[in-house]
Number of protein chains: 2
Amino acid sequence: MDNNSIFIEKLRSSGLRPTKQRLKICKLLFQRKETFHFTVGDLSKILKHKFKEKISLATVYNTIHSFKKKGYLKEIAINSDKTYFDTNTSDHHHFLDVTTNELIDLDDKDVKKVSIIKKIPGKKIKSIEVLVKIENNN
Amino acid sequence: MDNNSIFIEKLRSSGLRPTKQRLKICKLLFQRKETFHFTVGDLSKILKHKFKEKISLATVYNTIHSFKKKGYLKEIAINSDKTYFDTNTSDHHHFLDVTTNELIDLDDKDVKKVSIIKKIPGKKIKSIEVLVKIENNN
DNA sequence: AGAGTAATTTATAATGATTCTAAAGTAGTG
DNA sequence: CACTACTTTAGAATCATTATAAATTACTCT
Ligand SMILES: [Mn+2]
Ligand SMILES: [Mn+2]
Ligand SMILES: [Zn+2]
Ligand SMILES: [Zn+2]
């Protein structure tokens, strides 16, 4: 699987040069079966362990912001302290395990259709997202 | 309405001394019909305008954190940039007007019961909250 | 009321995540 | 190869929040 050339194409097609830093970050973010939820700090640490050549923290920030702008990442707010990003860019629901602080995507079919009864004049609904906090039994 | 003595009682009963700073903050937060959503920065500015004697920013932070610990305030995460607090401490849903960044409480009866189909072994649901982003029609 | 104490307030410093800056390096173009 | 725009980078700046430590205040007990 030559994902690298896929990433090169992906970057080029959105006007971003496929630098080695961006390609490494692509590999880390987009070569997964599961959705990845992370902070820039997390990501920077993982990059440090995974690759020999250092990527500066500023570059990680720059890259994540470009990717967000291009629609490859979504910013999510579950905790006021840290900024989280999500490789699943669709509107979707989450489990948040409050004991581990882990986020898990919920599929649309895992939640019965949410319907909002109240209307606000002059406003329309843009998205509906559910956050389900979970904790250990007993 | 001598709310002041009510607040004094409320504070005393939870082991907090009713200082003049805390009483002013109580007035600002809890003498409202509508739920109040705010940041500590917001609150500090309002206090500055409303009262002649200055309350130091450190005290505002201290007070808000004590109030949260005592269960009089709830912290909510809707934006990664800022920490918001909510005078409605129950689990509840929100409209977020993305054009004005304004938060509006949704009553339970404004949202059809949300039911989560997926289960995670060993975990139980602690809360379910819906965030509905709204924007201008047209 | 006055003394003793523990809680509180406060100015200020420290922290830590994020953003900014400006210089050096690199990719695409011809 | 040369040119230019884009990108990376180290380090500084920013800003919200937290920590510190000294001064003040509230409560308790005589
Ligand atoms: Mn938090
Ligand atoms: Mn944000
Ligand atoms: Zn997600
Ligand atoms: Zn609310």
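If you take OH of A/Tyr84 and P of C/dT18, they are 10 Å apart, rounded to a whole angstrom. Across the protein-nucleic acid pair, B/Glu9 atom CD and D/dA26 atom C1' stand 16 Å apart, rounded to whole Å. When the P atom of C/dA24 is taken as reference, atom CG of A/Asn62 falls 18 Å away, rounded to whole Å. If you measure from atom CD of A/Glu53 to atom P of D/dT7, you get 19 Å, rounded to the nearest angstrom. Between B/Lys24 atom NZ and C/dT9 atom C1' the separation is 12 Å, expressed in whole Å. Per the geometry, CD1 belonging to A/Ile55 stands 15 Å off P belonging to D/dT7, to the nearest Å. Following rounding to the nearest Å, A/Leu23 (CG) and C/dT26 (P) show an atom-to-atom distance of 15 Å. The nearest whole Å value for the distance from the CZ atom in A/Arg22 to the C1' atom in C/dG25 is 14 Å.
There is a side-chain donor-acceptor pair under 3.5 Å between B/Asp86 and B/His92. For the residue pair B/Asp42 and B/His37, no side-chain donor N or O sits within less than 3.5 Å of a side-chain acceptor on the partner.
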Q.
With salt bridge (Lys or Arg N to Asp or Glu O under 4.0 Å) as the criterion, how do A/Asp91 and A/Lys126 come out once you've worked through the C-alpha distance, each side chain's angles and the decisive distance to 0.1 Å?
A. CA-CA 10 Å; A/Asp91 292 334; A/Lys126 192 187 180 205; over 6 Å; no

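Enclosure of atom NZ in B/Lys48 is not indicated, since only 12 or fewer non-hydrogen atoms of other residues, nucleotides or ligands lie within 6.0 angstrom. Heavy atoms of other residues, nucleotides or ligands lying less than 6.0 angstrom from NZ of B/Lys82 number 12 at most.
For B/Leu16, counting side-chain heavy atoms from C-beta on, the closest listed nucleotide (C/dT8, D/dT8, C/dT9) is C/dT8. Of the listed nucleotides (D/dC27, D/dT8, C/dA11), D/dC27 has the atom at the smallest distance from the side chain of B/Arg17.
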So which protein N/O to nucleotides 15-17 of chain D N/O distances come out below 3.5 Å?
residue, atom, partner, partner atom, Å
D/dT17, OP1, B/Thr83, OG1, 3.2
D/dT17, OP2, B/Tyr61, OH, 2.4
D/dT17, O5', B/Tyr61, OH, 3.2

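A cation-pi arrangement is absent between B/Lys24 and B/Phe7, since the terminal nitrogen or guanidinium carbon is not both under 6.0 Å from the aromatic centre and inside a 45° cone about the axis. Cation-pi geometry between B/Lys10 and B/Tyr72 is met: under 6.0 angstrom from the ring centre, within 45 degrees of the axis.
Place B/Ala58 and B/Lys20 on DNA chain D by their nearest nucleotides, and B/Ala58 ends up nearer the 5' end.
Close to C/dA27, at under 4.0 Å from its OP1 or OP2, lies no side-chain N or O of A/Arg12. In this structure, B/Gln21 reaches the C/dT10 phosphate: one of its side-chain N or O atoms is under 4.0 Å from OP1 or OP2.
Using a 4.0 Å heavy-atom cutoff across all strands shown, A/Thr19 reaches sugar-phosphate atoms only and no base atom.
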